[in-house]
Number of protein chains: 2
Amino acid sequence: MTPIKLIGFDLDDCLFDSTGLSERARIKGIDAIIKMGLNIDKTKAVGILHEIVNEYGSNSSKHYNYFIRRLNQMEDDIGYLSYNDQYKYIAAAVMAYHAEKVNSIKLYDDVEETLKKLKDLSIKTAIITDGIPIKQYEKILRLNIDNLIDLVVISDEIGIKKPNPELFKYCLKKFRVKGKETIYVGDRIDKDIIPANLNDIYSVYLHRGGKYDNYQADIKIQGDFKPNYEISNLNELFNIINEINNIENSK
Amino acid sequence: MTPIKLIGFDLDDCLFDSTGLSERARIKGIDAIIKMGLNIDKTKAVGILHEIVNEYGSNSSKHYNYFIRRLNQMEDDIGYLSYNDQYKYIAAAVMAYHAEKVNSIKLYDDVEETLKKLKDLSIKTAIITDGIPIKQYEKILRLNIDNLIDLVVISDEIGIKKPNPELFKYCLKKFRVKGKETIYVGDRIDKDIIPANLNDIYSVYLHRGGKYDNYQADIKIQGDFKPNYEISNLNELFNIINEINNIENSK
């Protein structure tokens with residue numbers, strides 16, 4: 001018998017609505033610029049910002065700088081912005097963006113209860129995530145789950161990045177558990193499900209309805225690409241734990 | 001007759017207590033680390049942080065990273081911190097630091113009234129400052145003086161840095177005024193008073209009692225190093241304006 005001893009989670013878009021929060025924060029930034037006096041249609045401005053996020057990546061710290069530079073180069077109807085106006089707009093946007101990020105971050109409704117129940121069951125918990133270490137830990141502290149998570153594995157710190165299965169093996173080693181004693185919950189086939197499967201970890205695909213929620217069970221995905229389970233609420237985990245424990249017990 | 005048409009101000013430690021705010025924010029960061037569980041004497045921790053600020057400069061964004069690294073290398077009684085603890089402490093410190101910086105910034109008591117009176121007198125106002133442009137403009141927006149200042153000159157944007165007198169000349173040109181029609185108010189002989197004097201701008205040394213407030217009139221400073229006036233409250237500016245205008249009128 002090898003019951004489940006560890007459950008790993010992806011962080012962004014799994015424990016909280018990271019994509020939605022970033023999007024809302026970006027729009028708050030545009031709102032702030034318009035409120036400050038820039039004469040631009042909001043829908044158009046948001047479209048330009050989306051292009052920039054796609055081109056420079058969502059982790060760039062200069063989205064609004066690029067936004068203003070692009071307006072200056074391409075939007076003849078706005079006219080060339082003075083340095084003072086440029087900085088005023090960028091600063092206002094950055095302030096509004098950060099205020100939203102700091103004040104509006106919150107867990108999905110099913111997370112806190114699930115983590116507490118796992119603690120009661122003496123099942124260990126880990127977060128395995130990419131991203132900038134300090135930023136990722138800031139999210140964990142703001143979400144107030146620091147005391148409910150036993151280990152945070154940030155790929156940047158280990159030098160092994162998703163989807164490298166060695167990152168998940170590192171986590172197993174830290175807890176001295178086997179893959180068969182472990183469940184991993186994530187929202188991406190490529191970065192979460194595959195490396196879990198390659199380590200014989202029970203893989204759980206979590207549907208959160210976001211823009212990366214593109215896995216469908218009826219698509220013929222086989223082998224390492226196929227999650228062992230699919231859920232849309234974390235409380236379904238407990239049935240899965242029971243099922244796995246029963247299977248393992250009956251062996 | 002050439003009455004005063006423009007008054008320039010330094011920003012940090014002149015319009016608000018920048019040094020004090022940074023110091024309070026740094027200590028809030030240390031408080032957060034200790035609250036999070038690090039076993040270190042607060043006075044000792046603040047001392048280490050001060051060393052780091054001196055070594056890496058006050059504008060480094062990694063003071064707390066260096067603080068934790070230094071503890072790991074040098075403080076045997078603390079023991080080697082796990083990556084999780086390191087990031088938890090750094091993230092907690094950064095969050096507390098920024099919260100203090102965002103929430104506690106405020107003008108010196110004499111600033112808003114002075115700027116409003118200058119506006120009523122149709123005297124133009126400028127801020128001439130070094131520093132990171134977006135950060136400097138964030139301060140101006142948070143201090144809510146954007147509408148009371150006619151021009152913000154940030155040296156990083158112009159490519160000419162204090163104490164280069166060309167930075168002040170640039171500002172005179174933008175307003176099409178002469179030095180003799182201008183007053184500049186700052187708190188440093190080297191970066192504020194000298195470049196003002198070299199442009200024939202009336203130089204005013206503002207005593208705010210901070211750590212750079214080291215000019216004393218009884219020290220024999222001559223020529224370009226000597227401010228034309230010394231004040232400890234901005235409302236004294238109006239007597240100076242009257243005095244200059246009378247002198248210029250009587251010529």
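In what follows, every chain begins at residue 1, and chains take the letters A, B, ... in the order their sequences are listed.
- In this structure, chain A has no heavy atom under 4.5 Å from any part of B:Ile140.
- Across every non-hydrogen atom of B:Lys101 and B:Leu21, the tightest pair is O-CD2, 4.1 Å.
- Taking the six-membered ring for Trp and the full ring otherwise, B:Tyr184 and B:Tyr202 have centroids separated by 6.0 Å or more.
- Counting heavy-atom pairs under 4.5 Å between each of B:Val153, B:Ile90, B:Val102 and chain A puts B:Ile90 at the top.
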Applying salt bridge (Lys or Arg N to Asp or Glu O under 4.0 Å), run through B:Asp17 and B:Arg24 and close with a yes or a no. CA-CA 11 Å; B:Asp17 180 17; B:Arg24 287 194 303 278; 3.8 Å; yes
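- Looking at B:Tyr83, the atoms closer than 4.5 Å to chain A (heavy atoms on both sides) all sit in the side chain, from C-beta outward.
- Although no hydrogens or angles enter the test, the distance criterion places no donor-acceptor pair under 3.5 Å between the side chain of B:Asp146 and the main chain of B:Leu141.
- Across A:Gln136, A:Glu138, A:Met95, the residue that shares the most heavy-atom pairs under 4.5 angstrom with chain B is A:Met95.
- The candidate from B:Met36, B:Gln86, B:Lys88 with the greatest count of non-hydrogen atom pairs under 4.5 Å with chain A is B:Lys88.
- Seen from the ring of A:Tyr97, A:Arg26 does not count as a face-on cation partner, given the 6.0 Å and 45° thresholds.
- Chosen from A:Ile134, A:Asn65, A:Asn84, A:Val94, the residue pairing most often with chain B at heavy-atom distances under 4.5 Å is A:Asn84.
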